[in-house]
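Please read the structure below before turning to the comments.
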Amino acid sequence: MNQYRWVLAVILLSALLFSFYTYTAGTRGAAINREAAIGKIIFQNKNCIACHQLYGLGGFMGPDLTYVCFEPGKGKEYARSFITNGTEKMPDFILSKEETGCLIAYLEYVGSTASTYNTSASLWEEERFLSNVQDK
Amino acid sequence: MFRINNTGHALAKVALFFLMAGVLVGFLSSLQYLFPGLLNHQLPFYISRPLHVHLVLNWILAAALACIYFFISRFTGTQNNKKTLQNFHVLLFGVTAVLILINISIGNFEGREYFEYPVWLGIPVLLTWLLFLYIFLRHSVKIKGPWPVYLWMWTTGIISFVVAYSESFLWLIPWFGGNAVRDITVQWKSLGALVGSWNMLIYGTAFFVMEKINGNKETARSRITFFFYFLGLINLLFNWGHHTYIVPASSVIKNTAFIISMTELLILGNIMLNWRITLSNAVKNKHLISVWFFTAADIWIFLNLILAILISVPAINYYTHGTYITVAHAMGATIGINTMILLAALSFFLLKDQSPHGNRWLAFGFRSVNFALPVFWAVIIFLGIHRALHLQPGNTSKFYIMMNEALPVMKWFAVSGFVLMAGLIIAAMALMNKAITGTGHDE
């Protein structure tokens, strides 16, 4: 293995640099507001992610929620009605008005970071568009 | 006092128990897809799903730990009288796992996807792995000569588990948690590396057991093997980005992931070259059950790699992300590859006699699993394609209509899932029986 020491060192060093890039430059976006931050905690405490995804991460029983507040034909009130009433498959978590409001604020915040999500035909186009927006 | 004489054996039994419980709960939660009201009050889906994930995750981890302990006790040739630390490690692993399962069962959630349990439980998990790193290295450093690849894989696996698991808790720091794009990217990064880390543990085990079966010491020390070890390490560290094609993060991350993911083609080619297992018949027969499981794993590596490479292509990923195709990939990897390798290794360690005649139930379980898994896998891929079509821009049909359309196929998902569950439970019970009655190897 001695002869491979350098290979290992180069790989680990690149990984370190890559992590640094991911943690700082590679993942800019708007910061969360207070209401949405509370919504995020509720989202985790109720384990919504067991059935829903955000940016593709999560369970598959329900639809991806990344863009629900912005999707044509959906929106905040649409989302609110699901959260307050539940459905046959989705439990009614019996949340207070404030809690529901925070959840909506959270979903709205996530959606706002993904303003072109699922609307452009080409990923690479979308990427270029976003980096332009961010640079401005 | 709590005392275990044979750590590998004890952990193997714990692992097999987790496997049985895990597939049972998994089957239940798949039924909840079909019958939404099922067990809604006792075990709602948002509890049964994480419960299933944690039980099977504990199966994979405990079985890998068991195999490494078998290695430590039987093959390092080191004095092993002081078992206090090992006993403590197993105790810590077991108690932490049980606490996590209890918290999930009562719906006490605080964390993120895959680590939904209260955050403080991350501390004993980390301690368990740091302690294991110490125990493992204490024995391994005494081995003379250059290390074979499996020692490197195990070391890499343990260390990257610690690093990636810690990384998955970075969301607790506002710099990460307070920025959705960074948060999700780091989450994908850590989860990708975690899967890579237990793959290292499992592939290391496969190399080790295969070396013991065919007696050929060259493979685990050859240049080409080390080349693939490094390729695996690079994939562990960089290819997670193919999960983030849809996240508005930098294209550097995505391009890197795409290029690195494509190196898996080399792995694929290598498998095809080595397709025929070069074992003499005598050796094959002596370890027949293990050879069966290894062969099955080989075929699943092949199938799953094709799927992985396909969904790493951005143009394809654009349609398949967030669909069951990802689930198919996860099932193919955890059952077809990880579980097959671990069952092969446990059969090697636990069975004295590996004839199908002396292991009728195990052979039956093996056949059922490998009969059901292709159907299960194909059905999930079909459901994925169906969902991808639904997600097309311009398709306005409602989500529940899409789900209802899929119902007839979902039934096949449940039927094949049942056979799969039964096969895995039968195989696990057969191995458990040997482990308990001691009709297998002893240490």
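For the atom pair CG of B:L237 and CG of A:L12, the computed distance is 6.5 Å after rounding to the nearest 0.5 Å. Atom CD of B:Q32 and atom SG of A:C51 lie 9.5 Å apart (nearest 0.5 Å). Atom CD in B:Q187 sits 6.5 Å away from atom CG in A:L57 (nearest 0.5 Å). A distance of 8.5 Å separates CD1 in A:I49 from CZ in B:R49, rounded to the nearest 0.5 Å. Between A:D64 atom CG and B:T323 atom OG1 the span is 11.0 Å, to the nearest 0.5 Å. Here the CD1 atom belonging to A:I11 is positioned 5.5 Å from the CZ atom belonging to B:F230, to the nearest 0.5 angstrom.
For A:Q53, the part sitting under 4.5 Å from any heavy atom of chain B is the side chain, from C-beta outward, and nothing else. Contact annotation for A:A31: both backbone and side-chain heavy atoms come within less than 4.5 Å of a heavy atom of chain B. Looking at A:P91, only its side chain comes within 4.5 Å of chain B, counting heavy atoms on both sides. For A:S19, the parts lying under 4.5 angstrom from a heavy atom of chain B are both the backbone and the side chain.
Heavy-atom pairs under 4.5 Å with chain A were tallied for B:E167, B:M402, B:R221; the largest tally goes to B:E167. Between chain A and the residues B:Y114, B:Y324, B:W188, B:W175, the most heavy-atom pairs under 4.5 angstrom are made by B:W188.
Scanning all heavy atoms of the two residues, the minimum distance from B:P36 to A:K89 falls at CB-CG, 3.8 Å. Closest approach of A:Y21 and B:I253 over heavy atoms only: CE2-CG1, 4.1 Å. The two atoms that bring A:Y4 and B:R223 nearest to each other are OH-CG, 3.4 Å, heavy atoms only. For the pair A:L8 and B:L233, the tightest heavy-atom approach, listed with the atom from each and the gap, is CD1-CD2, 3.7 Å.
Of the possible polar contacts, one joining the A:K40 side chain to the B:G177 backbone as a donor-acceptor pair under 3.5 Å is found. The closest donor-acceptor contact from the side chain of A:R28 to the backbone of B:R182 lies at 3.5 Å or more, if one exists at all. Under a 3.5 Å cut-off, the side chain of A:Q44 and the backbone N or O of B:E110 do form a donor-acceptor pair.
Ring orientation note: the planes of A:F93 and B:Y46 are tilted relative to one another, at an angle of 30° to 60°. Using cut-offs of 30° and 60° for the angle between ring planes, the B:W240 and A:F18 rings count as tilted.
Here B:F176 and A:Y23 bring their ring centres to under 6.0 angstrom of each other.
If you check the side chains of A:Y55 and B:T185, you find no donor sitting under 3.5 Å from an acceptor.
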